[in-house]
Asker: 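Can you read through this structure? Questions will come right after.
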Amino acid sequence: MHMRKMYFLVLAAAACLTCAVAQPRRLLDPSVERRIDSLINLMTVEEKLAQLNQPAGRYDHATGKMREEDSVLLRAGRVGAYLGVVGAERTRRLQQVAVEQSRL
């Protein structure tokens, strides 16, 4: 009886995987997907690897500003995300540097 349950479980998992692979769904508008593909194609290997870099977001708590070294990393495209950044204003500042002052 135990073997029958195992066989059924494996068969059900295989069926789910087949359905997932056979019919991929588009999650984004095609124009957005093209823009993403275009950006990825423009990125260097180093920039793609840097997207895996996720340091702790550090701020000078006295001034409320990001540290200069973090700003330099963002401008150079060396950070994929900052962890532990709290607050909309701090997040907006990081995003603004990344969008307006980095290569891509």
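When a residue number appears, it is its place in the shown sequence, counting from 1.
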Asker: Can you list every pair that meets salt bridge (charged side-chain N to carboxylate O under 4.0 Å, His left out) and has a residue in residues 68-83, with sequence neighbours left out?
Answerer: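 The answer is Arg58-Glu69, Arg58-Asp70, Glu68-Arg75.
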Asker: Taking side chain to side chain donor-acceptor pair (under 3.5 Å) as the definition, give me every residue that meets it alongside Ser31, ordered by chain and number, with sequence neighbours left out.
Answerer: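 Scan of Ser31 (side chain to side chain donor-acceptor pair (under 3.5 Å), adjacent residues dropped) gives Asp29.
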Asker: Between Leu73 and Leu49, is there a shared hydrophobic cluster once you connect ILVMFWY residues whose side-chain heavy atoms come closer than 4.5 Å?
Answerer: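 Leu73 does not cluster with Leu49.
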Asker: Taking all heavy atoms of Pro55 and all of Val79, pick out the closest pair and write down the distance.
Answerer: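 In terms of heavy atoms, the two residues are closest at CD-CG1, 3.9 Å.
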Asker: Which residues pass the side-chain contact (heavy atoms from CB on, under 4.5 Å) test with Gln54, not counting sequence neighbours?
Answerer: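 Applying side-chain contact (heavy atoms from CB on, under 4.5 Å) to Gln54 gives Ala81, Leu83.
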Asker: Would a 4.5 Å heavy-atom cut-off, applied to side chains only, mark Leu74 and Ser102 as touching?
Answerer: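 They are not in side-chain contact.
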Asker: Which atoms form the tightest heavy-atom contact between Val85 and Arg90, and what is the distance?
Answerer: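 Closest heavy-atom pair between Val85 and Arg90: CG1-CB, 3.9 Å.
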Asker: Is the closest side-chain heavy-atom distance between Met43 and Leu104 below 4.5 Å?
Answerer: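 Yes, at least one pair of side-chain atoms sits under 4.5 Å.
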Asker: What residue pairs, at least two apart or across chains, pass salt bridge (charged side-chain N to carboxylate O under 4.0 Å, His left out) with a residue in residues 91-104?
Answerer: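 Every salt bridge (charged side-chain N to carboxylate O under 4.0 Å, His left out) pair that includes a residue of residues 91-104, provided the two are not neighbours, is Glu47-Arg103, Glu89-Arg92, Glu89-Arg93.
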Asker: One pair to check against side chain to side chain contact (heavy atoms under 4.5 Å, CB included): Asn53 and Tyr82. What are the steps and the verdict?
Answerer: CA-CA 8 Å; Asn53 184 21; Tyr82 279 103; over 6 Å; no
Asker: Indicate yes or no for a side-chain donor-acceptor contact from Thr91 to the backbone of Gly87 under 3.5 Å, with no hydrogens or angles considered.
Answerer: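 Pair found, side chain donor or acceptor close to backbone of Gly87.
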